[in-house]
Amino acid sequence: MGKVLIIGAGGVGTVVAHKVAQNPDVFTDIMIASRTKSKCDAIVKAIGNPAIKTAQVDADHVDELIALFNSFKPEIVINVALPYQDLTIMEACLKAGVNYLDTANYEPKDEAHFEYSWQWAYKKRFEDAGLTAILGCGFDPGVSGIYTAYAAKHHFDEMHYLDIVDCNAGNHHKAFATNFNPEINIREITQNGRYYEDGKWVTTKPLEFHKDLTYPNIGPRDSYLLYHEELESLVKNFPTIKRARFWMTFGQEYLTHLRVIQNIGMARIDEIDYNGMKIVPLQFLKAVLPNPQDLGENYEGETSIGCRIRGIKDGKERTYYVYNNCSHQEAYKETGMQGVSYTTGVPAMIGAMMFLQGLWKRPGVWNVEEFDPDPFMEQLNKQGLPWHEVLDGDLEL
């Protein structure tokens with residue numbers, strides 16, 4: 001049915017490639033490209049499908065991307081490279097006439113700032129080109145937005161309170177490791193928190209607010225309020241929401257390491273001089289921390305991510321909790337990657353599937369919740385991320 005080009009050969013890119021290869025009726029031609037071609041070749045070897053093509057490309061350079069797109073001629077690009085590279089890849093897609101999908105919003109290298117404005121600014125150009133750009137099609141952002149759209153379509157007349165809850169109850173048996181790119185992960189967690197209430201944004205100190213929340217099959221976990229990019233699009237697209245927050249669990253050992261990293265300056269993202277060289281401390285730290293791709297083999301436990309929503313249906317208050325639990329070990333058995341990579345990579349593949357099947361095909365730049373959630377929700381059950389729902393239960397929030 002369609003040609004797909006995956007940019008990025010990390011943990012998420014590996015999962016995307018595996019899942020794309022599992023659906024040959026939709027994805028008829030596949031290419032994996034990254035800065036290091038040998039990583040792409042290793043993924044192809046692990047999948048065992050020599051028909052998958054590989055290529056070297058530097059996603060910081062528009063001209064290299066255009067040349068690759070013109071050579072392979074994909075119908076859609078799945079961008080699972082770094083968030084810094086979203087705009088160069090979008091620019092190349094416009095110039096080469098290729099549709100676009102990513103899993104995380106653009107952020108500048110020199111500032112930990114998460115905002116959709118840079119990508120939303122491309123809306124008219126994609127419309128004029130007759131091309132579709134799908135933003136934030138991982139789990140959170142991604143499935144969290146689709147869960148919210150599904151709730152609005154089927155369970156509420158008005159949604160008033162939205163809490164996205166993200167728990168990783170896994171154990172990778174490392175003193176300190178991040179579950180995705182350490183540079184992006186640490187930038188995200190150490191910035192100020194932010195939530196939406198009564199039409200305005202409220203800023204908090206990093207990890208200032210926390211409370212115990214109970215996660216299915218896991219139990220109570222200390223959950224911290226932080227800012228996540230899907231809040232920005234969800235309150236825009238569902239204007240009846242009065243308050244929207246994002247919560248994530250962290251263990252005390254992780255937070256202690258994080259505090260030390262910050263206190264000794266290793267979380268800095270500005271350049272420093274070291275023996276006549278310019279280095280960024282956080283990028284150096286990334287080089288010595290465990291690679292998230294290597295965590296899967298000994299990873300135990302599971303993730304639990306979902307949306308807890310309160311609102312009105314037929315004049316009565318209703319609560320709704322929709323969630324997925326993902327086993328790290330099952331994810332590793334299937335793709336060789338741990339559950340956090342799996343929960344991001346599977347939705348990226350499904351989003352590309354929705355586009356190629358003509359279900360999510362609309363010129364412009366769109367967040368996932370702006371499309372019909374039903375066919376996506378159906379595929380989540382089929383592709384390894386089954387969801388569960390609790391109506392009119394205690395949300396704890």
Side-chain angles (χ1 to χ4, degrees), residues 83 103-107 112-116 135-152 159-169 178-180 184-216 218 220-251 254-255 258 303-311 319-326 340 343-344 347 367-369 387 395-397:
T103 62
N105 73 350
Y106 171 76
E107 59 177 283
H113 186 76
F114 306 87
E115 188 177 309
Y116 273 117
L135 305 184
C137 197
F139 206 108
D140 44 355
V143 175
S144 56
I146 293 153
Y147 281 169
T148 305
Y150 185 82
M159 295 186 298
H160 293 164
Y161 301 99
L162 166 67
D163 286 278
I164 299 167
V165 292
D166 184 327
C167 172
N168 180 10
T178 61
N179 295 290
F180 58 94
I184 304 302
N185 182 250
I186 292 172
R187 283 167 60 114
E188 176 182 299
I189 294 163
T190 55
Q191 69 165 325
N192 284 336
R194 198 155 63 113
Y195 65 94
Y196 180 84
E197 188 165 28
D198 296 330
K200 63 180 184 290
W201 292 99
V202 180
T203 300
T204 70
K205 294 176 182 176
L207 306 182
E208 179 181 2
F209 295 108
H210 63 101
K211 65 180 298 177
D212 266 2
L213 297 176
T214 305
Y215 295 87
I218 293 169
R221 286 290 189 277
D222 203 8
S223 306
Y224 291 78
L225 187 149
L226 52 92
Y227 179 66
H228 231 236
E229 64 234 52
E230 66 262 48
L231 298 179
E232 181 184 14
S233 66
L234 288 171
V235 299
K236 169 178 169 280
N237 290 318
F238 299 101
T240 63
I241 293 176
K242 298 177 182 179
R243 187 186 66 211
R245 301 178 295 190
F246 184 98
W247 304 83
M248 183 175 282
T249 62
F250 300 103
Y254 179 94
L255 292 176
L258 187 66
T303 65
S304 182
I305 313 173
C307 294
R308 302 184 184 190
I309 305 170
R310 186 186 307 274
T319 67
Y320 180 65
Y321 179 23
V322 55
Y323 67 92
N324 163 266
N325 277 37
C326 178
V340 176
T343 55
T344 305
N367 292 87
V368 294
E369 67 269 16
W387 47 277
L395 298 183
E396 304 180 301
L397 288 158

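Heads up: numbering here begins at 1 and tracks the sequence. Nothing here was measured: the structure is a model prediction, and the numbers come from that model.
- Between Asn105 and Pro83, the closest heavy-atom pair is O-CB, 3.4 Å.
- Cys307 places a side-chain heavy atom less than 4.5 Å from the side chain of Val322.
- A heavy-atom distance below 4.5 Å is not found between the side chains of Val143 and Thr343.
- Using modelled atom types and a 3.5 Å distance limit, the side chains of Thr303 and Asn168 yield no donor-acceptor pair.
- The distance from the CD atom of Glu107 to the CD atom of Glu188 is 8.5 Å, given to the nearest 0.5 Å.
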- [ ] Report the C-alpha separation of Leu226 and Leu207 in whole Å, then their side-chain angles, then the decisive distance to 0.1 Å, and conclude whether the side-chain contact (heavy atoms from CB on, under 4.5 Å) test is met.
- [x] CA-CA 6 Å; Leu226 52 92; Leu207 306 182; 4.1 Å; yes
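- Side-chain atoms of Asp163 never come within 3.5 Å of backbone atoms of Trp247 as a donor-acceptor pair (strictly under, hydrogens ignored).
- Residues Asn192 and Tyr227 fail the side-chain proximity criterion, which asks for heavy atoms closer than 4.5 Å.
- Residue Leu397 holds its CG atom at 7.5 Å from CZ of Arg243, rounded to the nearest 0.5 Å.
- Two residues are said to be in side-chain contact when any heavy atoms from C-beta on lie closer than 4.5 Å; Thr178 and Ile189 fail this criterion.
- Tyr147 and Phe139 have perpendicular rings, their planes meeting at more than 60° on a 0 to 90° scale where under 30° would count as parallel.
- You'll find the side chain of Thr249 stays beyond 4.5 Å of the side chain of Ile218, heavy atoms only.
- When atom types are taken as modelled, the side chain of Glu232 and the backbone of Tyr116 share a donor-acceptor pair closer than 3.5 angstrom.
- Smallest separation of non-hydrogen atoms from Thr190 and Pro206: O-CG, 3.4 Å.
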TODO: Evaluate the side-chain contact (heavy atoms from CB on, under 4.5 Å) criterion for residues Thr148 and Asn237: first the C-alpha distance (whole Å), next the side-chain angles of each, then the deciding distance (0.1 Å), finally the verdict.
DONE: CA-CA 10 Å; Thr148 305; Asn237 290 318; over 6 Å; no
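- For the pair Thr204 (side chain) and Val202 (backbone), a donor-acceptor distance under 3.5 Å is absent.
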- [ ] Check step by step if side-chain contact (heavy atoms from CB on, under 4.5 Å) holds for Phe250 and His210.
- [x] CA-CA 10 Å; Phe250 300 103; His210 63 101; over 6 Å; no
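- Contact between Val368 and Gly142 at its shortest, heavy atoms only, is CG2-O, 3.3 Å.
- A pairwise comparison of heavy atoms in Tyr323 and Ser304 identifies CD1-OG, 4.2 Å as the closest pair.
- Between Arg310 and Leu395 there is a side-chain heavy-atom pair separated by less than 4.5 Å.
- Salt-bridge check for Glu396 with Arg308: passed, with a basic side-chain N closer than 4.0 Å to an acidic carboxylate O.
- One side chain, Tyr224 or Asp222, offers a donor N or O that lies under 3.5 Å from an acceptor on the other.
- Between the CD1 atom of Ile305 and the CE atom of Met248 there is a distance of 7.5 Å, given to the nearest 0.5 Å.
- Judged by distance alone, the side chain of Ser144 and the main-chain N or O of Pro141 form no donor-acceptor pair under 3.5 Å.
- For the atom pair CD of Glu230 and CD1 of Ile146, the computed distance is 11.0 Å after rounding to the nearest 0.5 Å.
- For the pair Leu231 and Tyr196, the minimum side-chain heavy-atom distance is 4.5 Å or more.
- Without hydrogens or angle criteria, Thr240 side chain to Met159 main chain gives a donor-acceptor distance under 3.5 Å.
- Using a 4.5 Å heavy-atom threshold, the side chains of Arg245 and Glu197 count as separate.
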TODO: Any chance you could lay out the side-chain contact (heavy atoms from CB on, under 4.5 Å) test for Ile309 and Phe238, step after step, and finish with the verdict?
DONE: CA-CA 12 Å; Ile309 305 170; Phe238 299 101; over 6 Å; no
